[in-house]
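These notes concern the structure reproduced below.
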Protein chains: 2
Amino acid sequence: MGTTKQITEKIGILLRDSKLSVTETRVKILELFMKSDGALEHSDFEKLAGKSFDRVTVYRTLQTFLEKGIIHKIPTTDTSVRYAVCKSECTEHHHHDHHVHFKCETCGNTTCLDETDVPNIQLPKGYAMHNVEVVVNGVCKSCK
Amino acid sequence: MGTTKQITEKIGILLRDSKLSVTETRVKILELFMKSDGALEHSDFEKLAGKSFDRVTVYRTLQTFLEKGIIHKIPTTDTSVRYAVCKSECTEHHHHDHHVHFKCETCGNTTCLDETDVPNIQLPKGYAMHNVEVVVNGVCKSCK
DNA sequence: TGTAATTTTGCAACAACGTTGCAAATAAAT
DNA sequence: ATTTATTTGCAACGTTGTTGCAAAATTACA
């Protein structure tokens with residue numbers, strides 16, 4: 001994963017590539033994403049990171065990252081919204097969200113199973129498919 | 001689908017089977033579910049149905065139906081929570097949510113594709129699978 | 001490097017959503 | 001028909017998400 005300095009450098013490049021100003025908030029939020037192995041939700045950012053961010057800034061930052069294709073949302077069955085960093089192939093205009101998400105019922109973490117393919121689904125006649133979201137619920141490796 | 005009277009009768013049986021009192025609110029909410037072909041969210045109930053229900057009652061009713069296995073939740077990527085009636089095989093203790101949900105990007109409706117099977121997914125070693133949720137985004141038959 | 005232009009942030013105020021306790025109303029049991 | 005148990009609606013509250021605007025930080029450029 002690299003040293004903290006390397007991560008910071010990587011984040012700077014990522015932001016500049018997306019034509020975004022490099023600000024403390026954005027760097028800190030991206031650091032959290034990179035250091036966390038699971039998906040994060042809004043409330044995670046207000047608490048964590050030593051410094052507590054303003055709620056509004058967090059909302060706006062996540063919204064910006066979404067629009068630039070830096071992060072993506074993960075479906076949930078409650079009112080929370082979960083985000084994870086996109087793989088490198090994701091860009092502002094082209095998303096590769098076709099991977100499986102795993103939600104552990106024990107630790108509550110949601111992770112992206114990048115290696116696991118989303119299988120082909122045969123829809124009834126007349127339906128056009130754009131995107132498939134798969135969330136598997138169960139028990140993860142660490143909790144077993 | 002049957003006449004209104006038949007539906008009301010069916011709902012009475014369903015409620016009594018679940019050991020729930022047959023009240024006006026519960027009947028009206030179940031009627032809405034049966035008459036709608038798509039999934040419904042909380043706000044749909046406050047407005048619709050001529051009579052407007054109290055917010056709290058709707059929350060509590062949906063919660064009760066969930067616990068009894070009468071309805072199930074559908075994953076979304078926003079803060080809304082969508083519900084749909086369960087198929088007959090669902091009970092309080094055993095759920096068959098293994099079907100595909102389809103969200104139309106044009107009309108916004110979410111429907112259950114009961115006939116469409118959820119394909120097998122090969123998880124990495126060490127993961128235990130309990131339940132798979134699939135949501136397909138695209139354009140539905142009616143909007144094409 | 002210093003200054004102007006642009007972008008981002010934080011605050012305040014607000015709107016929407018969801019929860020809890022309790023008394024009144026309704027349904028079930030006898 | 002009366003008692004018992006359940007459900008409902010209200011009030012009050014906490015949380016979550018949004019918008020406008022002035023202050024602060026970042027970028028662009030001389």
Ignoring backbone atoms, establish whether [X] has a side-chain N or O less than 4.0 Å from OP1 or OP2 of [N].
X: B/Thr57; N: D/dG9; answer: yes
X: B/Thr79; N: D/dG17; answer: no
X: A/Thr25; N: C/dT9; answer: yes

Starting from [atom2] on [N], measure out to [atom1] on [X] and report it in whole angstrom.
X: A/Leu20; N: D/dT26; atom1: CG; atom2: P; result: 14 Å
X: A/Leu30; N: C/dT8; atom1: CG; atom2: C1'; result: 15 Å
X: A/Glu67; N: C/dT7; atom1: CD; atom2: C1'; result: 14 Å
X: B/Phe45; N: D/dT8; atom1: CZ; atom2: C1'; result: 17 Å
X: A/Tyr59; N: C/dG10; atom1: OH; atom2: C1'; result: 15 Å
X: A/Gln63; N: C/dT9; atom1: CD; atom2: P; result: 14 Å
X: A/Asp78; N: D/dT15; atom1: CG; atom2: P; result: 17 Å
X: A/Lys28; N: C/dT9; atom1: NZ; atom2: C1'; result: 14 Å

Derivation of the side chain to side chain contact (heavy atoms under 4.5 Å, CB included) call for A/Tyr59 and A/Phe53 = CA-CA 10 Å; A/Tyr59 281 116; A/Phe53 302 112; over 6 Å; no

Counting only N and O atoms by type, is there a donor-acceptor contact under 3.5 Å from the side chain of A/Thr76 to the main-chain atoms of A/Asp78?
-> yes

Of A/His101, A/Arg82, A/Glu133, which meets side chain to side chain donor-acceptor pair (under 3.5 Å) against A/His72?
-> A/His101

Contact nearer the 5' end of DNA chain D, comparing B/Asp54 with A/Val22 | B/Asp54

Can you find a donor-acceptor N/O pair under 3.5 angstrom joining the side chain of B/Arg60 to the base of C/dG18?
-> no

Is there a donor and acceptor pair closer than 3.5 Å between the side chain of A/Arg55 and the base of C/dG10?
-> no

Of all heavy-atom pairs linking B/Pro124 and A/Leu113, the shortest is CD-CD1, 4.0 Å

Roughly how far apart are B/Thr111 OG1 and A/Tyr127 OH, rounded to 0.5 Å?
-> 4.5 Å

Want to settle it: does B/Ser21 or B/Ser80 sit nearer the 5' end of DNA chain C, counting the closest nucleotide to each?
-> B/Ser80

Could you work out which one of D/dT6, C/dG18, D/dT8 sits closest to the side chain of B/Thr23?
-> D/dT8

